[in-house]
Amino acid sequence: MTPEPARQVFIENPAGSQTKIHHDEERLVPTLVETVSAPFPHAYGFVVGVPSGDGDCLDCFVISRRPLRTGELIRCHPVALLEQYQNGLDDHDVIAVPVDEAALIGEVDLDEVVATLRTFMGKVFEHDPGRVLEVGELRDASAATALIDQLSASSGGS
């Protein structure tokens, strides 16, 4: 199986953290820190330079065997796309693995990952009833790449 083209991902929040660190997505500097109602099950960040439907960059959960730290820039292969909507706006999540851990692509149990993410998304904003998350369908790696390419093209990025 040939992996999807690698993309640059910025890690905002490490796995296990209950602190959500927001960043200026162009300068990659922290702008806001908040405590959320559930720990991140996987490292979480965004695909650099790819705007999403919510105005921020396209969100990304990174599946890795090693701990990833806030502020790391890593190249990742998309392995799936989880549809998500926040307050009715597209806020989809790419699921990816680091390039240097490409062997995980064939090992990742996406059903388990999605079950964990659905549980997380049901709890993460319990402290803020104004943020409503709805989780949609799981799409394959090619759907993730197609969305990245579409959003990049519509923003004039690459």
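Everything numeric in this text was worked out from a predicted model, so none of it was measured.
- Between the side chains of His22 and Glu12, no donor-acceptor pair of N or O atoms lies under 3.5 Å.
- Partner Phe10 forms a side-chain contact (heavy atoms from CB on, under 4.5 Å) with one of Val47, Val48, Ile74 and no other, that one being Val48.
- For residues 103-126, the set of pairs meeting the salt bridge (Lys or Arg N to Asp or Glu O under 4.0 Å) definition, not counting sequence neighbours, comprises Arg65-Glu107.
- Salt-bridge formation is detected for the pair Arg7/Asp149: a Lys NZ or Arg NE/NH1/NH2 atom is positioned less than 4.0 Å from an Asp or Glu carboxylate oxygen.
- Inter-residue side-chain proximity for Arg66 and Pro98 is flagged as met; some heavy-atom pair is nearer than 4.5 Å.
- Ring pair Phe120/His42: centre-to-centre distance not below 6.0 Å.
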Is there a ring pair (Phe, Tyr, Trp, His ring centres under 6.0 Å) between Phe46 and His23? Walk through the geometry before answering. CA-CA 10 Å; Phe46 56 86; His23 286 79; 7.2 Å; no
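- Looking at Ser154, its side chain does come within 3.5 Å of a backbone N or O of Leu151 through a donor-acceptor pair.
- Leu138 and Ile63 end up in the same hydrophobic cluster when Ile, Leu, Val, Met, Phe, Trp and Tyr side chains are linked at under 4.5 Å.
- Both Val97 and Leu110 are assigned to one and the same hydrophobic cluster, defined by single-linkage of ILVMFWY side chains at heavy-atom distances under 4.5 Å.
- At distances below 3.5 Å, at least one donor-acceptor pair connects side-chain atoms of Asn87 with backbone N or O atoms of Gly130.
- In terms of modelled atom types and a separation under 3.5 Å, the side chain of Gln18 and the main chain of Val36 share a donor-acceptor contact.
- Inter-residue side-chain proximity for Val132 and Gln86 is flagged as unmet; no heavy-atom pair is nearer than 4.5 Å.
- Under a hydrophobic-cluster definition in which Ile, Leu, Val, Met, Phe, Trp and Tyr are linked whenever side-chain heavy atoms come within less than 4.5 Å, directly or via other members, Ile105 and Val114 are assigned to the same cluster.
- Of the possible donor and acceptor atoms, one in the side chain of Gln84 sits under 3.5 Å from a partner among the backbone N and O of Asp91.
- A side-chain N or O of Tyr44 and one of Asp59 form a donor-acceptor pair less than 3.5 Å apart.
- Follow the hydrophobic side-chain contacts under 4.5 Å out from Ile21 and you never reach Phe61; the two are in separate clusters.
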